[in-house]
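For reference, the structure discussed in these notes is given below.
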Protein chains: 4
Amino acid sequence: MPKIVDHDQYRKELLNQCFDLFAEKGYASVTMRQIASWLDVSTGTLYHYFPNKEMLFAQFVDELSQRDILQAKTEMTAGQTLSDRIRIVFDYFERNRDYFFKQTLICVDFHQQMHREGIEISDPMKQVGERIEQSVEELLIELLGFDEPELVSFLMTFIDGLMMSDMYVTRRVDFQKQGELIIKMINAYVEKHPNSIAPDLKSLT
Amino acid sequence: MPKIVDHDQYRKELLNQCFDLFAEKGYASVTMRQIASWLDVSTGTLYHYFPNKEMLFAQFVDELSQRDILQAKTEMTAGQTLSDRIRIVFDYFERNRDYFFKQTLICVDFHQQMHREGIEISDPMKQVGERIEQSVEELLIELLGFDEPELVSFLMTFIDGLMMSDMYVTRRVDFQKQGELIIKMINAYVEKHPNSIAPDLKSLT
Amino acid sequence: MPKIVDHDQYRKELLNQCFDLFAEKGYASVTMRQIASWLDVSTGTLYHYFPNKEMLFAQFVDELSQRDILQAKTEMTAGQTLSDRIRIVFDYFERNRDYFFKQTLICVDFHQQMHREGIEISDPMKQVGERIEQSVEELLIELLGFDEPELVSFLMTFIDGLMMSDMYVTRRVDFQKQGELIIKMINAYVEKHPNSIAPDLKSLT
Amino acid sequence: MPKIVDHDQYRKELLNQCFDLFAEKGYASVTMRQIASWLDVSTGTLYHYFPNKEMLFAQFVDELSQRDILQAKTEMTAGQTLSDRIRIVFDYFERNRDYFFKQTLICVDFHQQMHREGIEISDPMKQVGERIEQSVEELLIELLGFDEPELVSFLMTFIDGLMMSDMYVTRRVDFQKQGELIIKMINAYVEKHPNSIAPDLKSLT
DNA sequence: TATGAATGAGAATTCATTCAT
DNA sequence: TATGAATGAATTCTCATTCAT
């Protein structure tokens, strides 16, 4: 085992490897021993890098969200028209469909963990949660290039729905088709209601 | 404590009371003792009605889904126009927003439980999962009164997204407004693309 | 289920049916529920006839030993010569080989139960144990027709060994052959040491 | 508590200390807590060394049998004449009378554990059982110095009977006297039936 | 820094026993 | 007399965490 000089660097590497494990089993069902064995280290080492299981998970989610935002920013570049922009967003989620489904499971887990009764949510955890929410929204707005709250909310909600869709085994949502449908719907909507639309949005269509 | 006459009836009563507990803590984090104490019975009694924790949860989800379908069928009656019908659906979810959010958390938990590696999913559990998927879709089609797959998929996905929306603390999705927006979007879309629409849908607009 | 009028009669019938169950699982490993279900009665009924598990077992062993002695007395009749007599005894154990093996397992269990530390052996249980020991010895002496302690002890010990022999899967002791061997050995011994033999034994050879 | 260096070594040490506990209470009646406290370790430590109670017991019996064979081989040395050899064997069992009685109780327990219905006997357990049987027989043949099956079977069965004898409280078998009796019997038998005896046996008398 | 042995509180589950019907 | 629902202490086993090396 190569000695990692940079403590913090190694900590993050460990966290990054936890993704599939947490996604598949869920926080509460994974034991520290399983994590350690998955990472090919001893439990002692785990406790050397993380004070306890809860903080490990919190740091994991934190790290995860930071990476995600960064990744999304670099991979998605704004398109010219509204259609392009929506298409880019849907493409991105389609390409990383598996990843985002797992990420959703993790988020739900994190949410439950944070809200389980009788336990005071530690400030760091709360902040993690809020930071994620904020930055995802900001990113979407930036990508779409307009700030029409209703419409942004609509798209975000729909994307949340998409990320959940792989929970259903018998159904299979086609991200591409859904994207095209939504593009058509929004275009038709914008055409029909030109006055209820913000200027920045109108300029895109 | 009165002696219970109908074993199966009492079993279901117990299951029905578990909803909030499972929603708030999650399957893995709830202990059998907590469940027992929440239900005001002894752990022994719990094991008198359920062979183990896993089956208790499976039966709980099963019972839950059956009740949900039934409830939805009785509460939602089809409206005249498409707008009415969509409005009815969104109203229903808005009214039971809290309930459905919790239900979503439970479903995610169930999904993870069913897919945790190394464990063969018992047939009963699989069936429960599939039954839920099927009936929700059927119900929606029935309510909307048309079977345009893309559009049904769109609405289901969006509703899934809505049910997730309460996970975000800082945002607050307004179901009503989103419903009205979607109605307008669909109407605009149907008007603009009359030829790509199934007859049963067209007759509704 | 026919109502058994005679409480005590029914109690004994229940006990008699327990033989295989106790032999196979052992006292400590059998649960009251298993006993009840084996007997096709409810646990409640079990507790109607026996104050607790321990007493059920004690009564079972008691009943067992009484039946055994009775059975042995009726089935074995003294032969003419010593050879005949030994042959009769070995025949009897051979015929009921399976039964006596199980009975031995039960006796060992009973012994351990009685001697487990920290528990005062109840007088009834002690008496049961002693009664068995006494009567088996008396029976053997009666059957053999002589009271040469060393030789009786030798035969009893050997029979104990025979009863244990089915514990070994790979070996297979042939009771008949062993009987004939012992007959020859005793005869040779008696011939060679005529003076060290009690008169009643000598008269049999 | 010092950190244990040799995992396997310590495991065996733990097993060796279990003898009296298992002998006195029996497998099913001993709890893991009792074992742990008897060994002065925590239950957690117990489960660190053994996967479960059943395997602990299987490993215990395995270890026990290995030690026994080894011990017997070093303590018993073959004598000159047949009488000597038999005497040595009886002496050995007399000296360790207590030990072998307990060992017998354990073997019965093990047998019952292995044959309790509905449970597939794990291969390791089966092997343990067979190994014991084999090696005891081999040892005896080696010690006696002849391989006359009937006679070996006779002696083994008798020894089994001796080991059971301490189960009887009121009786008291004298190993020495029984040994002398058997020596005389065998000698008389060999003298009288010189032709039915294997050469290797004859050469010993 | 890394290990894994050790801990003991707590989890799931079992079981003798009681008791209302 | 017979039932089986109900109990809760006890059992097997797990797991986050600590700590000597």
Side-chain angles (χ1 to χ4, degrees), chain A residues 1-5 7 10 28-37 40-56, chain B residues 1-7 10-11 28-37 40-56, chain C residues 1-5 7 10 28-37 40-56, chain D residues 1-7 10-11 28-37 40-56:
Chain A
M1 198 154 303
K3 284 251 176 174
I4 301 296
V5 191
H7 183 100
Y10 190 50
S29 297
V30 163
T31 72
M32 286 300 264
R33 268 219 254 288
Q34 284 172 328
I35 298 172
S37 133
D40 251 327
V41 298
S42 65
T43 57
T45 301
L46 224 47
Y47 277 90
H48 184 73
Y49 286 98
F50 309 99
N52 53 42
K53 194 186 173 189
E54 194 181 0
M55 284 310 291
L56 186 155
Chain B
M1 202 144 300
K3 192 167 169 174
I4 297 308
V5 190
D6 189 338
H7 186 99
Y10 189 55
R11 212 196 78 241
S29 298
V30 166
T31 72
M32 286 299 264
R33 268 218 259 281
Q34 284 172 330
I35 298 173
S37 127
D40 249 326
V41 298
S42 64
T43 56
T45 299
L46 221 48
Y47 279 90
H48 184 69
Y49 287 96
F50 309 99
N52 51 44
K53 194 184 172 190
E54 192 181 357
M55 285 307 292
L56 162 54
Chain C
M1 199 154 302
K3 283 255 174 174
I4 301 297
V5 191
H7 183 101
Y10 190 51
S29 296
V30 163
T31 71
M32 286 299 265
R33 268 219 255 287
Q34 283 172 328
I35 298 171
S37 131
D40 251 327
V41 298
S42 64
T43 57
T45 301
L46 224 47
Y47 276 90
H48 184 73
Y49 286 97
F50 310 99
N52 53 42
K53 194 186 172 189
E54 194 180 0
M55 284 310 292
L56 186 154
Chain D
M1 203 143 299
K3 192 167 168 175
I4 296 308
V5 190
D6 190 337
H7 186 99
Y10 190 54
R11 211 196 79 242
S29 298
V30 166
T31 73
M32 286 300 263
R33 267 219 258 284
Q34 284 172 331
I35 298 172
S37 126
D40 248 325
V41 298
S42 63
T43 57
T45 299
L46 222 47
Y47 280 91
H48 184 68
Y49 287 96
F50 310 99
N52 52 44
K53 194 185 173 190
E54 192 181 356
M55 284 308 292
L56 163 55

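Quick caveat, the model's predicted, so the values are computed rather than measured. Order of the sequence lines sets the chain letters (A, B, ...), proteins ahead of strands, with each chain counted from 1.
The distance between atom CZ of A:Phe50 and atom P of F:dC15, rounded to the nearest whole Å, is 20 Å. Here the C1' atom of nucleotide E:dT21 and the CG atom of B:Asp6 are 16 Å apart, to the nearest Å. Nucleotide F:dA20 holds its P atom 21 Å from the NE2 atom of D:His7, rounded to whole Å. The distance from atom CG of D:Asp40 to atom P of E:dA6 is 13 Å, rounded to the nearest whole Å. Rounding to whole angstrom units, CG of residue D:Leu46 and P of F:dC15 are separated by 17 Å.
Separation of atoms OG1 (B:Thr31) and NZ (B:Lys53) is listed at 7.0 Å; rounding is to 0.5 Å. Annotation: the span from D:Tyr10 atom OH to D:His48 atom NE2 amounts to 10.0 Å, rounded to 0.5 Å.
Paired runs in DNA chain F that reach 3 or more consecutive Watson-Crick or G-U pairs, where each pair keeps both distances under 3.5 Å, cover E:2-21 with F:2-21.
At least one side-chain heavy atom of C:Leu56 sits less than 4.5 Å from a side-chain heavy atom of C:Met32. At a threshold of 4.5 Å between non-hydrogen side-chain atoms, the residues C:Met55 and C:Phe50 do not count as touching.
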Checklist outcome for this item: With B for base contact, S for sugar-phosphate-only contact and - for none (protein heavy atoms under 4.0 Å), nucleotides 14-19 of chain E reads BBBBB-
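Within the structure, every side-chain polar atom (N or O) of B:His48 is placed at least 4.0 Å from both OP1 and OP2 of F:dA6. The side chain of A:Ser42 contributes an N or O atom lying less than 4.0 Å from OP1 or OP2 of E:dT3.
Residue A:Leu46 comes nearest to A:Ala36 through the heavy atom pair CD2-N, 3.7 Å, listed as atom of the first residue, atom of the second, then distance.
Here the nucleotide nearest the side chain of C:Tyr49, chosen from F:dA2, E:dA2, E:dT7, is F:dA2.
A:Ser37 pairs by the side-chain contact (heavy atoms from CB on, under 4.5 Å) definition with nothing, not counting sequence neighbours.
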